[in-house]
Structure formats: C-alpha cells, structure tokens
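What follows is a short report on a single structure.
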Amino acid sequence: MSFLIEIIPRLLQGMYITLQLIVFSMPIGLVIGVAVALGRVYGGVVLSPLAWGYQLLFRGTPLLLQLFVIYYGLPHCGLILSPFASAITAFSLCSGAYHSEYLRGAILSIQGGQMEAARALGMGKIQAIRSIILPQMLRRALPGCSNEIVYLIKYSSLAYIVTLVDLTGQGRLIAYETFRFFEVFLIVGLIYLGMVTIADRFLHAVEKKVHIPGI
Amino acid sequence: MTLISACLGLGILGGIPLAFVHVYGARWGKLVAGIYDRVFRGFPALVLLFLFYFGLGSIKGFSISPFIAVVLALGLRSVAYQAQIYRGGLLAVGEDQMDAARSLGMTKLQAIWFVILPQALYFSLPGIANEYSIVLKDTALAFAVGVVELFTRGKFIAVHTRATLSIYLTVAAIYLFLTYIGIFGFWVVERLAYIPGLGGRAKEGER
C-alpha cells in the first residue's frame, strides 16, 4: 500500500502528459475526419481520390509505424518535430482517418433527397452541407466516433516510443527501478481503464444530450 | 504471420465460448465474463503486453518467452473483442428460432449447435475481418518486447542502412498489402458462405 502511495504522484505526472496528448489530438482528429469524409463524398474527381488514398494509407498501416515515420523518418527530409508534436501529429492523422470512415457512413445514411431539397430551396452546396448535412451526420456518427476516441486514449500509450514519458512511459521507468513489473503495470492499466470508463460515460451523456427525436 | 494466426486463432477459440457465456450464461458467469471484458478491452494493448511479458516474467520461477507473451496478450485481448462480435452475431439470430428448435424436440445444446451457431458465425464475418486488420496492425507492438516481426526487422535494416524513411515506407506498403489482401479474403469467404434468404430479425415479418 505504501508502494502505491509512493508511485501514484509519478504516475499522475505521466497521466498529465497522456491527457495533454488526448486533449490535443482528439479535436484535431475529429476536424480531419470531418474534412476527409466531406472530401470523399462531395469532393469530386480531385479531392475524393485524395481522401480515399489518405484513408487507405492511415487505416492500413500500424499507428506505431506512422509514429516512427513521423519522428525518425521525417528528419531525413529536413522536417524535425519534437516528440510531443510528432505524437500529436501521428495520433490526429490516424484517428482522423478512422473518424472519417464513421462520418462517411453517416453522410451516406442521410437520404440524398435532403441535399436536393436544400439546393431546391436555393441554398448553396456549402450552405446545405453546413446547415443540413453536418448536424445530422455528426449526431449519427457519434457512437462510432466515441469508439474511436476510446481507442485513441488507449493508443496514446504508444507515445513512450518517441521518448515521451506519458503514463505508460512513467510506469515503465518505475517498473525498471523497483522491479515490481506486475503491480506497476496493473495499476497503469487500471488508470487507463478508469479514463476509458469516464470518457465512455461522458460521450454517452453527450449522445443523449444532443439527441433529437426523429433524426 | 504466425503471430497473427496464433492471436486470431486463440481469439476464435476463446471468443465463441465467451460470447455464449455473455448471452446464455448464468448470472455469475455473466459477471466473470463482464470483468474479463472490462479488463481486456479497457487496458491498452501495450500495457497488457508489458503486464504479460515483464509482469509474469518477474514472478519467481516463471519465465515467459517474448513470443508467448505477445500471443497471450494480443490473443486474450482479441478473445474479448471477438466475444463482442459473436455476441452481436448471436443476438442477430432471432430468439424465436431458439424456441422453434426447442419445440421441434432439440435440446438447448443441439439447437445452439445446429441452428444458432452457423447463422451467428455468418453474421459475425464482417466483424472478424475488421478484427483481423486490427490484430495485424497491433502485432507491430511485438517489437516492444523484442519479438522480431516485420516491423522490428524493418527497424533493424533502417538503423543499419540509415535509409530510414524508405525502409519504413516499404514496411508500410507490406502492411497495407497484408491488410487489404486479408480483408479481400474475408469478403470472398462471406460470398462463399452466403445462403440466399438467410436473415436475422429483418426477416421476422415474413413468417
């Protein structure tokens, strides 16, 4: 028990980094996701294949690999990012690709007639997307996107690979110092479980809150 | 590749029974399954991996090879995820089919084996294809405990030749290929296993 009290402050330090990572990459990922999904559906012959290629690339390769390319590979092209920046870039790009797929499904589930009706009422295409399609698609994609956010929380543990001392990294350091691997990683795991559970509850609440009957 | 098949295999072997416990189990069974589910779906894969490799390895008189640790961690994790997929499949088979089978004189086990399971597995196929692509990408984590798989091999070469970016891009291309060839494979299986007229609740109205 005293061991627990001893390591908790250090784990909280790591958790702070983890939370920062999540807080930054989650919204960026969502924005990328919306942009890519819209690009894929309404992008025409230029943007649509681009969005498709982006999805293919980032959903088809391991996040670990993306992280490596961004942190260790890009400096060879003259682009040097700090560990924190590369982690956020990788997480946002990857979760953006997954978000976009949920969002695309949501767009496709909205009947095509709605777009036509909006256009017939004299709305521009962008106007129609913003005021008709977007509000509906965000609501419909929310369950899938919540799932992706939960994944993001868990995959943020990869940040230790680019030398960031996040929750997992801190746990690893403590474990190596004390040789009590099992206890330390069990506690780290439970903290993640707690974060995931809270996020899950919160997102469910959001889902209920923004629910509009009949949509 | 061995890693993926071992993890997925373990996932299928464990996932189906666990799904049955989720759906048909007694209350205590459901409770245990629920805790298992929470732990393995709530912990990050990396933490599970460390827990199995360093954690079990640090218990006295118990040594574990990196390969086994990866298979256990990712496999048991896949069990939890696949159980959810099969649970969805089981629930998609209408409850009245069970009643019908029982009324024809089948026992509960017989009904599950002949009536529910084949349909549930078919409904689960798209989910399993998804799980395959997730497990495939998670095997890259094996490098963290020192198993030499595709990613680690790429890293060795990259460090050796200093052509970091091109090596990683090649590795990425291989992963891409494996992912989509696998998904295509599952798609073919789905087509082959297709039985016209098979449907779950959607078809209930036709009786």
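Lettering follows sequence order; numbering is per chain, from 1.
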Greater than 12 external heavy atoms within 6.0 Å of A:Phe24's CZ: no
Partner of B:Phe43 by side chain to side chain contact (heavy atoms under 4.5 Å, CB included), out of A:Leu193, A:Val196, A:Val188, A:Ile191: A:Leu193
Interface residue of largest heavy-atom contact number with chain B, from A:Leu190, A:Asp200, A:Leu56, under 4.5 Å: A:Leu56
Winner by heavy-atom pair count (cut-off under 4.5 Å) against chain A, out of B:Pro44, B:Ser133, B:Ala173: B:Pro44
Inter-residue atom distance A:Arg59.CZ - B:Leu176.CG, 0.5 Å rounding: 11.0 Å
Structural part of A:Tyr98 lying under 4.5 Å from a heavy atom of chain B: side chain
Structural part of B:Tyr180 lying under 4.5 Å from a heavy atom of chain A: side chain
B:Phe50 vs A:Thr168, side chain to side chain contact (heavy atoms under 4.5 Å, CB included): CA-CA, chis, key distance, verdict: CA-CA 10 Å; B:Phe50 284 156; A:Thr168 308; 3.8 Å; yes
Minimum heavy-atom distance B:Lys137-A:Pro62, with the two atoms named: O-CB, 3.4 Å
Proximity breakdown for B:Ile183 and chain A, heavy-atom pairs closer than 4.5 Å: neither
Contact residues of residues 142-160 of chain A (partner chain B; heavy-atom separation under 4.5 angstrom): A:Tyr151, A:Lys154, A:Tyr155, A:Ser157, A:Leu158, A:Tyr160
Distance-minimising heavy-atom pair for A:Leu186 and B:Leu51: N-CD1, 3.4 Å
A:Thr61 side-chain N/O to B:Ala172 backbone N/O, donor-acceptor pair under 3.5 Å: no
